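Data first, discussion second: the structure below is written as structure tokens.
Keep in mind that what you see is a predicted model, and the values were worked out from it rather than measured. Sequence lines set the chain letters: A, B, ... in the order given, protein chains first and strands last, and positions in each chain run from 1.
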There are 2 protein chains.
Amino acid sequence: MVRNPHRSPVMADVARVAGVSHQTVSRVLNDHPNVRPETRERVLAAIEGLGYRRNSTARALVTRRTDTLGVITFDTTLYGPASTLHGIERAARDAGYFLSIVSLRDLTRADLAEALDHLARQQVDGIVVIVPQSAVAVALTEMPQQVPVVTVEGDADVGLAVVNVDQHMGGALVTEHLLRLGHRTVWHLAGPEDWLEAQARLSGWRETLLAAGAPVPPPLYGDWSPRSGYRNGQRLAGMPDVTAVFVANDQMALGVVRALHEARIRVPEEVSVVGFDDIPESEFFAPPLTTVAQDFAEVGRKAIALLLDALAEEEPPWRHAGPADGATPAPAAPRVVVRPQLVVRRSSAPPTPR
Amino acid sequence: MVRNPHRSPVMADVARVAGVSHQTVSRVLNDHPNVRPETRERVLAAIEGLGYRRNSTARALVTRRTDTLGVITFDTTLYGPASTLHGIERAARDAGYFLSIVSLRDLTRADLAEALDHLARQQVDGIVVIVPQSAVAVALTEMPQQVPVVTVEGDADVGLAVVNVDQHMGGALVTEHLLRLGHRTVWHLAGPEDWLEAQARLSGWRETLLAAGAPVPPPLYGDWSPRSGYRNGQRLAGMPDVTAVFVANDQMALGVVRALHEARIRVPEEVSVVGFDDIPESEFFAPPLTTVAQDFAEVGRKAIALLLDALAEEEPPWRHAGPADGATPAPAAPRVVVRPQLVVRRSSAPPTPR
DNA sequence: CGACTCCATGTGAACGCTAACAATTGGGGG
DNA sequence: CCCCCAATTGTTAGCGTTCACATGGAGTCG
């Protein structure tokens, strides 16, 4: 029987050319120790000559490992998620894994279930979920997992492995910075209420104010977009006692600064504005924005590292339903925290009476 | 023989429960017409009951289709590539495809080859390459493809299917806009010389100047970053005859505006600045940036549509080495062009003597 | 009423790989 | 000199699916 010449070569073809059995070819490919160097050479030459590439589909069928990790994200257009994704991609490939990506249309339970199903059908070895919304994080725990799952910017309290930037600390850093400059209090334009990062930044802000005995103004809420920053900035411009604003991300901060500028309120002389994320642009805003830098690449690396750890464990109780058997106490789901860093630029300064 | 109860169910399990053969289960799953409705019901019930999910690995092995598309990108942190990727992801999933992503570390031939190899091993059905660098585009044509390839923002002249935003037109739109405002000529801060988009925007600019009989100043070059815009902005600030600058992307434009501002040169009164990309921030820059909007989502959709077209063709001569047999003339590689749109904001205005 | 078709279903063989075991060789120790 | 063991290689049997073909029963038609 003659193989279709247009079909790419398979192991048997290599074996024939090298004059060995297909199993020996497999051994060479898998770096088995017991292969004579001379035989190995011959096989490698045949592989080279034929341009053979192992069919990872067939391999996955028998090994039950696809060497593929799934990633579930939300809006990959936002700077944070995009950067994290980038870090994950790098780390995964360095570890020899393929990456399969699903981005959620809506942050709904149904969409999440569909995404998990999509990845399960594809037999991924593990999943990274970048879904910083609390409802979704909870929903995730209710779906039975066949494979290890690591969440990024997820809820640390739902029992899943998680890698987080310490958003609470970030909010505290900003607030302390502004209080130390002499502001009586700090206003806050937060992100959407159901975003975990927004909640944590807000609580860092609130607790710092409380600890300092400063009044806690009612927070404003935006949707991360520059436009929502602009609208809220217009509101802030109308409040004469505002001297310092902590904005939950740089894009909204840009909008706030713009609105203040249009209202002829000078930044930072009359109102200090601090952002969050340290997007590449923020250094060149007018004025350059004081903000909080997060090491997204590090977050991506840590997430993959956690996933690989879980994959390396032989017994697969990645998720413990409860106390279960007393023999092996369920190890707590690992948490990794990456510390953010305050970057002081020119948009924050001591208060001046307005 | 008893199956490991922890193993997920397979077709045979469904078959046993439903009292049919595995082949009938397969028929139900693949919507074959000749299955009695009653049988279908029984099979579906068994699937539901067992929580069965088809193993797409095994399926791929026999069908030789993985329902997976590969995407090769470069820096997914940049707004354009990130947005395009987003559009591609959506379109691919709507069409029922999985997406496997590889991002190049360096824009080198070796890295590209590795990425292609990575995807080939994974048996992807087709590949989208978002690699807007000319050297890489050429290298791509020299690598034999087993599967259809569509390039995004690639070189239209190398014989691969390509989806492009008409960057040349974008450059022309900006230049015409500025000339029409009364500027004697327009300076240009271009992107890196080896980027195709940078080349096309530059040529649109140059040709428009030539057509208008305006002098063509020597272009400056940046690396897309706000910082490089800033540095080049400092140079431009020192040139008294500059009244209008076309900057090849919004991030650099931000840097230019910043540098001009620091040099106490007012935008747009003394110098008009126009960017490219229409990132969400640009509307809120100081002043709001005149720029060119590109429909990245549309680009992503078109790229997937092209790939699906190629996949649908039965005969697979996706790439014709030459004229070959006279019988079926090689169809020209399809080109799809998406038109950009000028967005006029406040950073461009008629010239005023400086 | 026999031959023929159509429908519904089952059976066996791939797909390309790895795991498990079998077979063959050569060398060292008793 | 023979036996045993290690090293090297081959053989066979899956992995879970789809494809090609076989089977059997119910109509249909001349």
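- Applying the side-chain hydrogen bond (donor to acceptor under 3.5 Å, both in side chains) rule to pairs touching residues 39-51 of chain B yields nothing, sequence neighbours excluded.
- When the salt bridge (charged side-chain N to carboxylate O under 4.0 Å, His left out) test is applied to Arg93(A), the partners found at least two apart in sequence or on another chain are Glu89(A), Glu114(B).
- At dC17(C), one or more side-chain N or O atoms of Tyr52(A) fall inside 4.0 Å of OP1 or OP2 (strictly under the cut-off).
- Ionic pairing of Arg90(B) and Asp94(B) is not present here: no N-O contact between side-chain nitrogen and carboxylate oxygen is shorter than 4.0 angstrom.
- The stretch residues 55-63 of chain A comes close to DNA chain D through Leu61(A), Val62(A), each having a heavy atom under 4.0 Å from the strand.
- If you measure from atom CD of Gln122(B) to atom P of dG16(C), you get 18 Å, rounded to the nearest angstrom.
- Over its full length, the helix from dC1(C)-dG30(D) to dG30(C)-dC1(D) turns its helical axis through 50°, comparing axes from the five pairs at each end and rounding to 10°.
- A search for ring pair (Phe, Tyr, Trp, His ring centres under 6.0 Å) contacts involving His118(B) returns Phe98(A), not counting sequence neighbours.
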*Would you check, one step at a time, whether the test side-chain hydrogen bond (donor to acceptor under 3.5 Å, both in side chains) holds for Arg59(B) with Asn30(B)?*
CA-CA 11 Å; Arg59(B) 178 170 218 243; Asn30(B) 293 315; 2.8 Å; yes
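- Per the geometry, CE belonging to Met11(A) stands 14 Å off C1' belonging to dC15(C), to the nearest Å.
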_Val336(B) vs Val162(B), test: side chain to side chain contact (heavy atoms under 4.5 Å, CB included). Steps then yes/no._
CA-CA 6 Å; Val336(B) 173; Val162(B) 58; over 6 Å; no
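- What separates CG of Asn30(A) from C1' of dA19(C) is a distance of 11 Å, to the nearest Å.
- Remark: P of dC21(C) and NE2 of His32(A) are 14 Å apart, rounded to the nearest angstrom.
- In this structure, the nucleotide among dC15(C), dT12(D), dG16(D) sitting nearest to the side chain of Arg64(B) is dC15(C).
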Identify each atom pair where a protein N or O and an N or O of nucleotides 5-9 of chain C are less than 3.5 Å apart, giving names and distance.
unit_1	atom_1	unit_2	atom_2	d
dA8(C)	OP2	Asn34(B)	OD1	3.4
dT9(C)	OP1	Arg36(B)	NE	3.3
dT9(C)	OP1	Arg36(B)	NH2	3.0
dT9(C)	OP1	Thr39(B)	OG1	2.5
dT9(C)	OP2	Arg36(B)	N	2.9
dT9(C)	OP2	Thr39(B)	OG1	3.4

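- Screening Ile304(A), Val124(A), Ile101(A) for a side-chain contact (heavy atoms from CB on, under 4.5 Å) involving Leu69(A) leaves a single residue, Ile304(A).
- Rounded to a whole Å, the CZ atom of Arg121(B) is 13 Å from the P atom of dC17(C).
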